Amino acid sequence: MKQLIEQNLTIAVSRFLADRNLHPEKLPAIAIDHARDTQHGDLASNIAMLLAKPAGLPPRVIAEGIRNFFPATEGLERIEIAGPGFINFFLAKTAYLQIIPDILSDGLNYGKSTAGKGRKILLEYVSSNPTGPLHIGHGRGAAYGSVLANLMQVAGYDVTTEYYVNDAGRQMDILAVSVWLRLLQLGEHPDLGFPSNAYQGKYIEQIAKDFVSTDTALPKADIDALSCLLALSIDEDKKLDQIIAYTRSTLGIKPYETLFDFTLGKILAEIKQDLLEFGVSFNNWFSERSLITSGAVASCIDTLQANGDLYEADGAKWFRSTLYGDEKDRVLIRENGQMTYFASDIAYHLNKFERGFDEIIDIWGADHHGYIPRVKGAIAAVGKDPEKLTILLVQFATLYRGKQKMQMSTRSGEFVTLKELRNEVGNDATRFFYVTRKSEQHLDFDLDLAKSHSNDNPVFYIQYAHARICSVFKQMHDRALDFDQQLTVEQLTPLTEPHEQNMIKALTRYKEIIITAATNREPHMLAFYLRDLANDFHTYYNSCQFLVEDINIRQARLCLIKATRQIISNGLGLMGVSAPEEM
RNA sequence: GCCCUGGUAGCUCAGUGGAUAGAGCGUCCGCCUCCUAAGCGGAAGGUCGCAGGUUCAACUCCUGCUCAGGGCACCA
C-alpha cells in the first residue's frame with residue numbers, strides 16, 4: 001500500500017510540474033512516512049515543502065496542486081493538506097485490514113523480505129581469545145551479533161557467521177604455561193611460585209586437574225631452575241617469555257603441544273557450549289593457526305614485502321601503514337622473530353576477501369577502534385577494497401555491583417562470566433537487556449539490579465503479552481467457541497475500536513522495522529518495537545473483551561490478536577528470546 | 001595532544017531534517033464478581049550540555065567549546 005501511494009505521488013508530482021510548466025533542476029526525493037499522529041492520517045509526505053524552493057511556490061499551493069493531480073487509488077479514502085504543507089493520506093479501513101490475513105497466512109515466515117537482494121555477507125563476531133571463559137563484555141557482542149545475523153537473514157541477505165579463533169601466539173603460550181605451573185603445584189610442588197601476569201583464574205586449576213585425570217605423563221621439570229626463574233626480579237613480561245621458552249624446552253615439542261591442545265580444546269569447548277546455551281551459533285570456526293600452517297601469513301608478508309610496504313627497523317619488520325592513513329607504522333614480526341597478531345589478521349582478512357563476499361562485517365569491542373586504520377590499510381596494501389569491510393564497534397558494558405564499579409580482567413581472573421550472568425538473570429532477560437540499547441552506547445549493567453528485580457525487565461512485559469494471547473485461545477477451546485482464522489477483509493470490518501486501529505497500524509510497521517534494523521545494523525529497533533507492540537496489546541486487552549457473544553466481532557478480534565501473537569513470537573525469535581505460552 | 005562514543009524527565013534510555021520531544025523505573029491518584037494486576041488509565045516531571053551556522057523547518061546536519069567514558073604497545 002505504501003509503495004502504491006509513493007508511486008502515485010510521484011506521478012502526481014510530475015503531472016503537477018508539467019501542468020505548471022515547471023522543470024526544477026533537482027527533483028527532491030519523493031518519500032512517504034507513517035504519520036506519527038493519527039490525526040495526520042496513515043501516511044504523510046513532505047514533498048510540497050521540499051518543492052517550495054525549486055518550484056518557487058508556497059508549499060500549500062504545491063500540496064493542493066499535487067492533490068488535484070493525484071491518480072484515483074483504490075484503498076485511499078482521502079488526502080488532506082495540513083500544517084505548513086504536509087500531504088496526509090487517509091487509507092480506507094479495508095486497505096490496512098489486509099495485514100491480518102497476510103500475517104496469518106505467512107505465519108512463521110511473515111516478516112521475510114528481499115530487501116537485502118541476496119547480498120553475500122560475512123559476519124564475524126565474538127572471536128574472543130580462547131584464554132578463558134566468556135565474560136559479560138563478550139556477551140554483549142554475542143547477543144548483538146546473533147540478533148543482527150538473524151535480522152539480516154530475514155531481510156534477504158545471505159549471511160555467513162564466523163568466529164575467529166586466536167589459537168596461536170603468545171597469549172596461548174602464556175595460557176599453556178599457566179596450566180603447567182598449576183599442574184606442578186597440584187603435584188609435588190605446592191609452594192612453587194606463579195607469575196602475576198599469567199592467567200590466574202580458577203578455571204586454569206580445573207583444566208590442570210582434568211589433565212591429571214588423563215594420566216598423560218609429562219617430562220620432569222628441573223624445579224630448582226624453574227624456581228630461580230620465577231624468583232628473578234626482571235621485567236615481568238620478559239620473565240614470562242623466559243618461562244615460556246623454558247617450558248617448551250623442558251617438555252619438548254610433542255608434550256608441549258599435547259598440553260597446549262588439551263588446554264585449548266577445554267576452553268574452546270567451554271566457549272562453544274556457553275554460546276550454544278545462549279542461543280548463539282556460528283557457521284564457521286576459523287582457526288588462526290591454520291593460516292600460519294598453510295603459509296597464508298607468510299605469503300601475505302611476502303606480498304607486502306614485494307610491494308615495498310615493509311621495512312626493517314630495530315630488528316623488527318614493520319608495515320608502512322602510515323601510507324594508508326594510519327597514524328603510525330605497525331610491527332608485523334617482532335625483534336624476537338615472533339609474528340604479531342596483526343600479521344595473521346591481515347592474512348585472515350585477505351582470506352575473507354578471497355571467499356567472495358559482497359560485504360564483510362566485523363563486530364569489535366570499542367576498545368579496538370584504533371585498530372581499524374591499520375587493518376583497512378593492510379587490505380588496501382594487498383590489493384583489496386577496504387570499503388567492502390565494515391567494522392561495527394560495540395561499546396563495553398561497565399559493570400556495577402550496586403554503586404561499586406567492577407574491574408574486569410581475564411588475566412587476573414576477576415570477572416563475572418557470561419554463564420554466571422545467564423544463570424542468575426536468565427537467558428531471555430540477558431539477551432534482551434544487551435540488545436535493548438544502541439550498540440555504540442555505553443551499557444551500565446548493575447548486577448544487583450538485574451538480578452534482584454529481574455521481573456521488572458522489559459522482556460517479561462513482551463512475553464506476558466504473548467502468554468495472555470495464548471491464554472485467550474485456551475479459554476476459547478475450553479468454552480468450545482468457534483473460530484475461523486481464514487477471515488476475509490470484509491469479515492474483519494467489525495474491528496472499529498480505536499485500540500484496534502492502533503494495533504493494526506502497529507502490525508503494519510513490523511516488516512519495515514526489520515528491514516531498517518537490518519540495513520542500519522541496529523537490532524535495538526526491534527526490541528523497542530516489540531515493547532511498543534506489547535504496550536498496544538495490553539492497552540487493548542484492558543479495554544476490550546475478546547471472547548464476546550457476537551460471533552462476528554469475536555472472530556475478527558481473535559484474528560487480530562492471533563496476528564499480534566505471531567508478530568511477537570516472530571520478533572522474539574529473531575532476538576533469540578523465547579515466547580512462552582504461559583507465565 | 002590525537003582518535004572513537006556519548007550528554008534528551010529524578011534515574012536508565014528511545015527518537016531515520018518535519019506537525020504538541022517519548023518510554024521504562026521512581027513519585028502521586030485511580031482500576032480486578034469480568035479472557036493472567038508480571039496488566040491498564042490519569043497526574044506531576046524538559047532552556048533536548050553550551051554557543052554559533054545551514055534550512056521553509058534542527059534533539060536530528062555542520063563548526064567551535066565544554067563535560068563524561070573509552071582508545072592511542074615489538075599486548076590482545
Side-chain angles (χ1 to χ4, degrees), chain A residues 31 33 35-37 39-40 44-46 48-50 52-53 58-59 82-86 88 128-129 131 166 169-172 174 197 237 313-318 327-328 330-342 345 365-373 393 395-396 398 410-411 436-446 449 453-465 467-476 478-479 481 512 516 519-520 522 524-525 527-529 531-532 534-535 537-548 557-558 561 582-583:
Chain A
D33 263 322
R36 206 186 296 165
D37 192 326
Q39 286 191 345
H40 301 137
S45 175
N46 61 353
M49 286 167 304
L50 297 179
K53 198 156 198 180
F86 289 101
N88 294 331
S128 150
N129 275 356
T131 53
N166 287 113
R170 182 167 180 267
Q171 293 303 321
M172 290 305 297
I174 297 173
N197 51 353
D237 272 321
D314 309 323
K317 198 160 260 186
W318 297 71
E327 60 186 10
K328 182 177 178 308
R330 307 294 173 176
V331 172
L332 288 187
I333 299 175
R334 298 200 282 164
E335 192 181 1
N336 63 12
Q338 281 201 313
M339 275 183 295
T340 59
Y341 279 77
F342 179 44
D345 279 343
D367 56 335
H368 284 62
H369 94 268
Y371 209 74
I372 297 172
L393 297 178
Q395 290 288 336
F396 269 179
T398 314
T410 312
R411 211 62 93 71
T436 312
R437 195 129 317 174
K438 261 195 314 201
S439 58
E440 64 260 37
Q441 187 63 274
H442 288 272
L443 175 60
D444 285 332
F445 206 129
D446 185 335
L449 202 71
H453 298 293
S454 63
N455 278 2
D456 290 335
N457 197 301
V459 69
F460 292 100
Y461 182 85
I462 299 167
Q463 290 178 319
Y464 184 44
R468 268 182 150 177
I469 298 173
C470 292
S471 175
V472 171
F473 280 95
K474 221 167 284 164
Q475 297 272 333
M476 184 194 79
D478 290 351
R479 295 197 221 160
L481 296 170
E512 288 164 45
T516 315
T519 51
N520 293 1
E522 292 186 336
H524 74 279
M525 295 181 69
F528 281 93
Y529 166 79
R531 218 262 157 214
D532 289 346
N535 180 33
F537 170 74
H538 286 307
T539 304
Y540 180 36
Y541 183 95
N542 272 272
S543 72
C544 288
Q545 194 81 9
F546 308 138
L547 297 174
V548 292
R557 287 184 177 172
L558 287 174
I561 64 169
E582 56 184 30
M583 291 174 76

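These figures come from a predicted structure and were not determined experimentally. We use all heavy atoms of the structure for the numbers below, so side chains are in, but hydrogens, waters and symmetry mates are not.
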* To do: Measure the acute angle between the ring planes of A/Phe546 and A/Tyr540, then classify it against the limits of 30° and 60° as parallel, tilted or perpendicular.
  => tilted
* To do: Spell out yes or no: do the side chain of A/Asn46 and the base of B/A19 have one donor N/O and one acceptor N/O closer than 3.5 Å?
  => no
* **Any strand: nucleotide that pairs with B/G30 via Watson-Crick or wobble, under 3.5 Å** => B/C40
* Face-to-face stacking of A/Phe86 with B/A19, centres under 5.5 angstrom, angle under 30° -> yes
* Within less than 4.0 Å of OP1 or OP2 of B/A14, is there a side-chain N or O belonging to A/Gln441? -> yes
* Nearest-Å distance once atom C1' is located in both B/U8 and B/C3 -> 26 Å
* Looking at every strand, decide which applies to A/Tyr341 at a 4.0 Å heavy-atom threshold: base, sugar-phosphate, or nothing. => sugar-phosphate
* When you match A/Trp318 and A/Met525 each to their closest nucleotide on RNA chain B, which lands nearer the 5' end? -> A/Met525
* Asked: Stacking between A/His369 and the base of B/G71 (centre distance under 5.5 Å, interplanar angle under 30°)?
  -> no
* To do: For B/C50, decide between syn and anti, treating a glycosidic angle within 90° of 0 as syn.
  => anti
* **Candidates A/His538, A/Gln463, A/Met583 - the one meeting side-chain contact (heavy atoms from CB on, under 4.5 Å) with A/Arg468** => A/His538
* Rounded C1' spacing from B/C56 to B/G17 in Å -> 12 Å
* Would you please confirm or rule out a distance under 4.0 Å between OP1 or OP2 of B/C74 and any side-chain N or O of A/Arg170? => no
* Asked: Between A/His368 and B/C72, does any side-chain N or O lie under 4.0 Å from OP1 or OP2?
  -> no
